[in-house]
Amino acid sequence: MFERKRSLPADGTPAGAVTRKVALVGNPNVGKSVLFNALTGAYVAVSNYPGTSVEVSRGSASFEGGSWEIIDTPGMYSILPITEEERVAREILLTERPDVVLHVLDARNLERMLVMTLQLVEAGLPVILVVNIMDEAERMGLEIDIPLLQEKLGIPVIGAATAKKRGLPEIRKAIASCDAAHHASFGYSRRLEGDIAEIAGLLSGEYTLSGKSLALLLLQRDEEIAALVAGKEGDRAGAIAEKVREKTFERRESFHLDLSLERKGIVKGLLAGVLRTPEKRRVTAGERLSSWAVHPLTGVPLLLAVLYYGLYQFVGVFGAGTLVDFLEGTLFEEYFNPWIIGVVNGIVPWEIIRELIVGEYGIITLGLRYAVGIILPIVATFFLFFSVLEDSGYFPRLALLVDRIFKKFGLTGRAVIPMVLGFGCDTMATMVTRTLETTRERIIATVLLTLAIPCSAQLGVIMALLSQAPGALLVWSVCLLLIFLVVGFLSAKVMPGETPMFYMELPPMRLPQLSNVMTKTYTRMQWYFMEILPLFILASVLLWLGKITNFFDKLVNWMEPVMAFIGLPRDAAVAFIFGFFRRDYGAAGLYDLQTKGLMDPRQLVVAAVTLTLFVPCVAQFLMMKKERGLKSATLIALFVSVVAVGSGWALNRFILFTGIL
Amino acid sequence: MIRCGYCGHEFAEEEGIRSCGKCGKPGGCRMVRCPKCFYENPPEAKAPKTLRKVIDLLKK
């Protein structure tokens with residue numbers, strides 16, 4: 001928990017005034033937090049809701065002569081919760097009994113979001129409706145008659161654009177004068193109203209929610225509400241549960257659908273005369289692209305085009321090819337290295353020290369050359385491409401697109417976050433797997449990340465390597481994809497369990513802003529470079545130590561049979577030893593072997609596949625241990641090593657047998 | 001304010017979840033996680049932040 005100091009509000013609060021509570025509720029991405037920030041005053045406290053990992057922000061505010069505690073609840077789509085966030089949001093409404101419930105919705109999605117307003121009003125809560133993002137809605141040509149909507153709902157309704165501070169004084173005024181007693185009531189079909197009345201008539205306890213709302217939640221088999229009612233009704237609980245069972249059995253075929261359709265019908269009636277849309281609403285390019293990105297028929301080709309032009313052409317060909325050729329091949333090999341070797345040889349009389357600085361595994365000739373000449377241009381182009389995609393809003397659409405495939409692995413689209421982040425850095429991505437709902441999901445995602453998701457630098461170097469041999473990149477990609485699918489599918493079979501539901505609000509797709517993209521790229525590059533440079537220098541020192549003590553040669557000798565088993569030359573062991581420090585360091589080692597002409601295309605692709613699948617770097621192993629425990633981390637590392645060597649062997653045999661390379 | 005690169009949620013840098021620094025990376029990763037979806041976002045770079053502060057001061 002932390003507290004954030006803010007400037008004290010201009011409007012002072014009378015001493016001893018009673019503080020009343022305002023809860024902000026609504027779907028994610030409707031501007032709740034912006035409104036919360038605009039309303040809150042002196043202090044903001046962010047803390048986990050007791051017993052959960054969900055964070056709730058609370059702040060204080062003083063306006064219109066009153067003192068208020070503002071609570072920013074997690075995003076919710078309905079009063080019937082599905083996710084932990086929704087459960088927490090409802091819990092706040094039930095237990096904290098706010099004096100005002102500020103329902104914030106997006107004016108562009110009025111029809112969909114008004115269903116929850118209906119539920120809140122029906123529950124008898126003191127609701128004020130904030131129709132937010134009015135500026136965008138107006139830009140789209142939507143006209144919303146706020147006074148008419150207010151009249152129909154019977155509660156205060158305010159049109160706002162909180163990001164632009166529009167509507168804030170009206171919201172403050174409405175909070176101060178909120179009267180919970182006034183609201184409209186909405187009727188369902190005669191049959192449903194009859195069922196509701198029968199159940200509500202049996203309730204006699206004191207509740208925050210109305211009898212009608214409770215009856216509907218009981219009919220929707222809300223276990224928390226059932227437990228609440230059982231606790232409050234004492235002897236009558238059995239009769240209520242029996243009545244609910246009887247009604248749910250009668251309506252077992254389509255209750256949820258019927259209720260949803262009836263609510264939609266009510267909302268349609270509410271919006272008649274309130275919402276006017278232009279006859280021919282112009283579909284923006286962003287909306288069109290957004291719809292293409294989530295549909296499998298158009299989304300998959302779009303994804304392939306993004307990967308081909310972004311990853312292969314820009315990062316692989318331009319970054320790992322053109323830029324690396326210039327930096328490593330020309331600047332380092334032709335100018336810098338000969339010059340620095342000459343300088344060091346001239347001033348350092350001891351060969352052993354010369355070897356440490358500019359020798360075969362020297363800090364400058366190997367560590368600095370790998371870091372600046374090979375890795376830097378690759379991560380720079382990768383992070384630029386990554387930031388463009390991120391700023392455009394493509395990632396959540398990718399999550400929806402792959403959700404169907406991920407379900408076969410026991411994962412949901414939510415796992416796209418760690419998977420996508422894995423292409424940047426697997427260590428951080430392993431940590432992010434903690435956001436997945438079940439332990440099963442977390443273990444499957446960790447295995448897939450460790451095994452088949454190469455980090456950005458490794459990906460770039462491998463692309464540069466394999467693009468030299470026609471077909472090699474295709475073989476590598478097919479291998480990785482196959483292993484990803486097979487291991488994912490088998491993991492889900494070996495670890496049975498339910499796959500949780502996944503849905504998310506899509507933020508709008510937009511043209512990436514140059515300033516945002518450049519800032520993100522710069523920050524990520526700075527962090528990455530500061531991280532790899534010391535590690536590369538340390539690795540050079542360790543390799544130098546290994547060389548002067550002959551331990552390095554012994555290590556290479558021990559690994560020789562493994563290399564021979566997968567059809568690789570003895571020297572390839574060096575790259576694998578490098579890879580133990582960092583996988584990109586190992587990939588850069590392969591790059592060196594290839595430029596020296598020590599490997600043919602078959603060996604190149606076998607080495608690339610094995611190294612990509614190989615045991616994670618030290619940092620990732622430590623993170624796995626921290627997140628999953630030592631036993632699971634060791635088992636995953638062993639499994640990954642066996643799959644890596646086994647796949648290398650099988651691929652080598654397959655290429656020798658078919659002669660495809 | 002940082003706009004989350006994944007879910008689009010806007011949050012102040014202080015509201016985000018800071019890196020724990022336990023991953024073995026020197027100094028930690030310095031990324032700021034979105035409080036809603038946990039996606040890691042780079043913090044605002046110092047140079048543009050300072051520039052914005054200067055512009056705000058000049059406006060006042």
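A, B, ... follow the sequence lines: proteins, then strands. Residue 1 opens every chain.
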*A/Lys32, A/Glu390, A/Lys520: which one forms the most heavy-atom pairs within less than 4.5 Å of chain B?*
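Result: the option with the highest number of such pairs is A/Glu390.
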
Interatomic spacing from [atom1] in [X] to [atom2] in [Y] - rounded to 0.5 Å:
X	Y	atom1	atom2	answer
A/Glu441	A/Thr412	CD	OG1	4.5 Å
A/Asn516	A/Asp391	CG	CG	4.5 Å
A/Ile133	A/Asp106	CD1	CG	3.5 Å

Heavy-atom distances under 4.5 Å only: say whether [X] touches chain B with side chain, backbone, both or neither.
X	answer
A/Phe383	neither
A/Arg397	neither
A/Pro74	backbone

*Residues A/Phe36, A/Ser57; criterion side-chain contact (heavy atoms from CB on, under 4.5 Å); working and verdict*: CA-CA 9 Å; A/Phe36 173 80; A/Ser57 307; 3.7 Å; yes

